[in-house]
Peer 1: 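Below you will find the structure I want to go over with you.
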Amino acid sequence: MANDTSYHSCPNPSISAFENALQQFDDAAKILNLTPNQIVVIKEPRRMLEVKLPVRMDDGRIEVFRGYRIQHNIARGPAKGGVRFHPNVDLDEVKALAFWMTFKCAVVNLPFGGGKGGVVCDPSKLSSGELERVARRYFAEMIDVFGPDKDVPAPDVGTNSEVMGWFMDTYAMHKREYVPSVVTGKPVELGGSEGRTEATAQGIVHCIGEVAQHLGMDCAGSTAAIQGFGNVGFYTAKILHKQGCRVVAISDVSGAYENPKGIDIPAAMNYAREHKTLDGLERTDLAEKMKDPMELLELEVDILVPAALENQITSKNASRVRARMIAEGANGPITPKADKILNEKNIFVIPDILCNAGGVTVSYLEWVQNRAGYYWDNTRIQEELSRIMKNAFKNILMTSEQYGISLRIAAYVVGIQRVTRASEMRGLYA
Ligand code: NAD
């Protein structure tokens with residue numbers, strides 16, 4: 001969850017994330033020669049709900065928050081996707097995030113469709129009580145939308161396991177029964193899975209390891225820069241550091257911090273935990289503050305991990321990116337125009353719908369455990385996660401080589417094929 005005291009506004013508010021997502025879809029649909037009938041069924045979101053959430057604030061005022069839930073596609077299973085609490089949440093962004101979830105779940109072959117939700121709010125400015133009331137009101141308004149076989153949310157930017165616990169409890173109070181599988185990313189004490197907190201980061205590192213092997217690179221001794229120090233960025237930094245990688249720059253909403261000799265990541269993590277932000281890290285001997293935080297993306301490193309928000313690498317800065325590989329921890333951090341520039345520069349991009357699928361993969365394992373009422377230890381979780389991520393990576397790499405296309409388009413080719421096949425086999429109900 002975001003630990004910040006404030007949020008920057010979106011750096012590129014004029015870029016539509018959903019338009020970008022559709023562009024990626026179109027590029028892959030051309031390769032597959034999809035028919036108009038096939039396209040029209042799976043391209044646009046199937047259900048969109050907008051709600052207004054009246055919430056009593058600590059000072060007695062009633063504030064009305066706007067919330068969304070979108071189910072992009074449910075051909076392969078219940079909608080699956082996180083809920084984002086952020087001031088810049090809007091319909092366009094949630095549509096894009098739901099779209100990406102459909103194809104992400106298909107890429108790693110999980111029996112889920114794609115969904116996403118969000119509430120326009122700044123969690124860093126809410127008290128714990130206010131946050132809980134926003135979360136519970138959101139879930140209560142959506143009570144008929146969510147369900148273990150209908151739509152299963154999870155954490156995203158600005159939400160965490162505590163919020164998932166409130167979601168689950170709200171559902172249980174309405175249904176008068178214990179239904180842990182209605183939401184994933186819960187605390188372990190409430191039926192959450194071992195390994196879920198670090199799962200997205202662990203999946204990213206599995207992908208990085210596969211690419212390193214493919215490129216004949218050694219992760220130990222390589223350099224990395226990581227944008228975002230929340231759930232995804234924080235644990236990616238931790239795991240890469242543990243594997244002997246030199247993390248030379250990290251950032252959060254307060255700015256970017258650099259140390260060419262390598263940042264002592266455990267110490268930076270302690271700092272972030274204690275201060276709830278990286279703000280002031282330059283006053284320690286861990287790192288210097290960079291003048292412009294966006295310069296982190298332009299550092300000459302082996303591995304660049306954008307792990308904050310979408311539209312960070314655009315046609316404006318892509319030509320200045322000097323990383324050898326980019327692992328998309330965030331959803332949609334690279335625009336299609338930037339993608340082309342990076343391709344021309346031979347920068348190896350691991351696309352979001354593959355790279356950050358470790359989170360939803362362990363969410364799936366959590367859902368399975370909840371339904372079975374039988375819980376696995378972390379060793380089993382790590383084995384399953386590693387197997388699923390590595391198989392998906394190999395399949396996408398093979399597809400990209402087979403068609404001579406980027407890994408991103410290859411991931412869409414695989415995902416779209418699976419969703420189209422399921423849609424056609426189900427047929428049209430009426
Ligand atoms: P989070 O709220 O835990 O962390 C977000 C981080 O980004 C914070 O450190 C925040 O300070 C930082 N940030 C925000 N704006 C920034 C800016 N302009 N520059 C630099 N840093 C900035 O969120 P998260 O769960 O880590 O999610 C990050 C990204 O990963 C999102 O795109 C999300 O959709 C994606 N993702 C998350 C998961 C998951 O399991 N949490 C899974 C898949 C994908």
Side-chain angles (χ1 to χ4, degrees), residues 1-3 78 80-85 101 105 108 110-112 117 123 128 131-132 135-136 138-139 146-149 151-175 177-206 229-239 242 265-266 269-270 272-274 276 307 329 356-389:
M1 174 164 169
N3 320 323
K80 187 85 193 77
V83 179
R84 179 173 291 194
F85 283 8
M101 283 310 295
C105 291
V108 280
L110 306 178
F112 286 134
S128 175
L131 182 68
E132 178 174 352
R136 286 186 182 277
Y138 172 77
F139 218 78
F146 292 125
D149 290 309
D151 187 341
V152 185
D156 191 72
V157 174
T159 57
N160 59 8
S161 59
E162 189 180 29
V163 174
M164 299 307 115
W166 293 327
F167 282 171
M168 187 196 83
D169 183 68
T170 303
Y171 192 80
M173 290 298 104
H174 278 257
K175 297 286 170 186
E177 58 183 325
Y178 180 62
V179 194
S181 55
V182 69
V183 53
T184 60
K186 302 177 292 293
V188 171
E189 296 81 353
L190 294 181
S193 178
E194 294 290 342
R196 173 61 184 90
T197 310
E198 316 80 0
T200 306
Q202 187 61 65
I204 292 168
V205 177
H206 282 314
F229 212 56
N231 174 283
V232 179
F234 183 91
Y235 288 107
T236 304
K238 179 180 174 187
I239 302 168
K242 210 168 154 199
I265 293 296
M269 290 172 72
N270 285 340
R273 275 205 188 101
E274 191 187 332
K276 307 211 176 308
N356 68 33
V360 72
T361 299
V362 177
S363 274
Y364 166 59
L365 303 178
E366 179 175 335
W367 182 78
V368 168
Q369 292 170 84
N370 289 156
R371 295 171 77 104
Y374 182 77
Y375 289 85
W376 305 337
D377 64 15
N378 199 24
T379 308
R380 172 142 186 211
I381 299 290
Q382 294 309 325
E383 279 168 11
E384 296 276 350
L385 174 63
S386 165
R387 179 183 60 75
I388 293 172
M389 290 303 296

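Sequential numbering from 1 along the given sequence is applied to the chain's residues.
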Peer 1: So which heavy atom on Pro78 is nearest to which on Pro148, and how close?
Peer 2: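 For Pro78 versus Pro148, the nearest heavy atoms are CG-O, 3.7 Å.
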Peer 1: Quick one: do the Thr184 and Arg196 side chains pair a donor with an acceptor below 3.5 Å?
Peer 2: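 Side chains of Thr184 and Arg196: no pair found under 3.5 Å.
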Peer 1: In the structure I gave you, are the side-chain heavy atoms of Val182 and Pro180 within less than 4.5 Å of one another anywhere?
Peer 2: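 Val182 does not reach Pro180 side chain to side chain.
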Peer 1: Rounded to the nearest 0.5 Å, what separates atom CD1 in Ile204 from atom OG1 in Thr236?
Peer 2: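 Atom-to-atom, Ile204:CD1 and Thr236:OG1 are 4.0 Å apart.
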Peer 1: Would you say Val152 and Trp367 make side-chain contact, with heavy atoms under 4.5 Å?
Peer 2: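 Yes. Closest side-chain heavy atoms under 4.5 Å.
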Peer 1: Sequence neighbours left out, what passes side-chain contact (heavy atoms from CB on, under 4.5 Å) with Gln369? Give chain and number order.
Peer 2: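 Applying side-chain contact (heavy atoms from CB on, under 4.5 Å) to Gln369 gives Ser193, Leu365, Tyr375, Trp376, Ile381.
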Peer 1: Determine, for Arg371 against Asp149, whether the closest basic-nitrogen to carboxylate-oxygen distance falls under 4.0 angstrom.
Peer 2: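 Judged by the 4.0 Å cut-off on N to carboxylate O distance, Arg371 and Asp149 do form a salt bridge.
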Peer 1: Tyr171 vs Phe139 aromatic rings, parallel, tilted or perpendicular, using cut-offs 30° and 60°?
Peer 2: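 Perpendicular, since the angle between the ring planes exceeds 60°.
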Peer 1: I need the single residue from Val163, Thr170, Asp169 that forms a side chain to side chain contact (heavy atoms under 4.5 Å, CB included) with Phe167. Which is it?
Peer 2: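 Among the candidates, only Val163 passes.
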Peer 1: Specify the closest pair of heavy atoms between Ala357 and Val108, including all atoms of both residues, with the distance to one decimal.
Peer 2: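 Where Ala357 meets Val108 most closely, the heavy atoms are CB-CG1, 3.8 Å.
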Peer 1: Is Glu383 salt-bridged to Arg380, going by a charged N under 4.0 Å from an acidic O?
Peer 2: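 Arg380 and Glu383: not salt-bridged.
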Peer 1: Would you check if the side chain of Asn160 reaches a backbone N or O of Pro155 as a donor-acceptor pair within less than 3.5 Å?
Peer 2: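 Answer holds: no.
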Peer 1: Which atom pair, heavy atoms only, marks the closest approach of Thr361 to Met389?
Peer 2: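 So the two residues come closest at OG1-SD, 4.3 Å.
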Peer 1: Would a distance-only check, ignoring hydrogens and angles, find a side-chain to backbone donor-acceptor pair under 3.5 Å from Asn356 to Gly329?
Peer 2: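 Yes, because the side chain of Asn356 sits within donor-acceptor range (under 3.5 Å) of the backbone of Gly329.
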Peer 1: Can you tell me if Glu366 uses its side chain to pair, donor with acceptor, with the backbone of Gly185 under 3.5 Å?
Peer 2: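 A pair under 3.5 Å: yes.
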Peer 1: Can you list the residues that meet the side-chain contact (heavy atoms from CB on, under 4.5 Å) rule with Ser128, with sequence neighbours excluded?
Peer 2: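 side-chain contact (heavy atoms from CB on, under 4.5 Å) list for Ser128, sorted by chain: Trp166.
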Peer 1: Looking at residues at least two apart in the chain, or sitting in another chain, which of them share a side chain to side chain donor-acceptor pair (under 3.5 Å) with Arg84?
Peer 2: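 Arg84 satisfies side chain to side chain donor-acceptor pair (under 3.5 Å) with Glu93, Asp156, Glu310 only.
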Peer 1: How long is the span from the OG1 atom in Thr159 to the CE atom in Met164, to the nearest 0.5 Å?
Peer 2: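 That separation rounds to 4.0 Å.
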Peer 1: Do Glu274 and Asn270 have side-chain atoms, one donor and one acceptor, less than 3.5 Å apart?
Peer 2: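 Glu274 vs Asn270: no donor-acceptor pair found between side chains.
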Peer 1: How far does CE of Met173 sit from CE of Met168, to the nearest 0.5 angstrom?
Peer 2: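 The distance works out to 8.5 Å.
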Peer 1: Whether the side chain of Lys186 engages the backbone of Ser161 through a donor-acceptor N/O pair (distance < 3.5 Å, no angle test) should be reported.
Peer 2: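 Not confirmed, Lys186 side chain does not pair with Ser161 backbone.
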Peer 1: Is the distance between the ring centroids of Phe112 and Tyr364 under 6.0 Å?
Peer 2: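 Yes: the rings meet the under 6.0 Å criterion.
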Peer 1: Does the side chain of Val157 come within less than 4.5 Å of Phe85's, by heavy atoms?
Peer 2: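 Answer no - side chains too far apart.
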Peer 1: Should Lys80 and Asp151 count as an ion pair when the cut-off is N to O under 4.0 Å?
Peer 2: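 Salt bridge between Lys80 and Asp151, a charged N being under 4.0 Å from a carboxylate O: no.
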Peer 1: So, does Thr200 use its side chain to make a donor-acceptor pair with the main chain of Gly358 at under 3.5 Å?
Peer 2: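 Not confirmed, Thr200 side chain does not pair with Gly358 backbone.
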Peer 1: Determine whether Leu385 and Gln202 satisfy the following criterion, side-chain contact (heavy atoms from CB on, under 4.5 Å), listing intermediate values before the conclusion.
Peer 2: CA-CA 8 Å; Leu385 174 63; Gln202 187 61 65; 3.7 Å; yes
Peer 1: What's the verdict on side-chain contact (heavy atoms from CB on, under 4.5 Å) for Arg273 and Phe234, showing C-alpha distance, side-chain angles and the deciding distance?
Peer 2: CA-CA 10 Å; Arg273 275 205 188 101; Phe234 183 91; 3.6 Å; yes
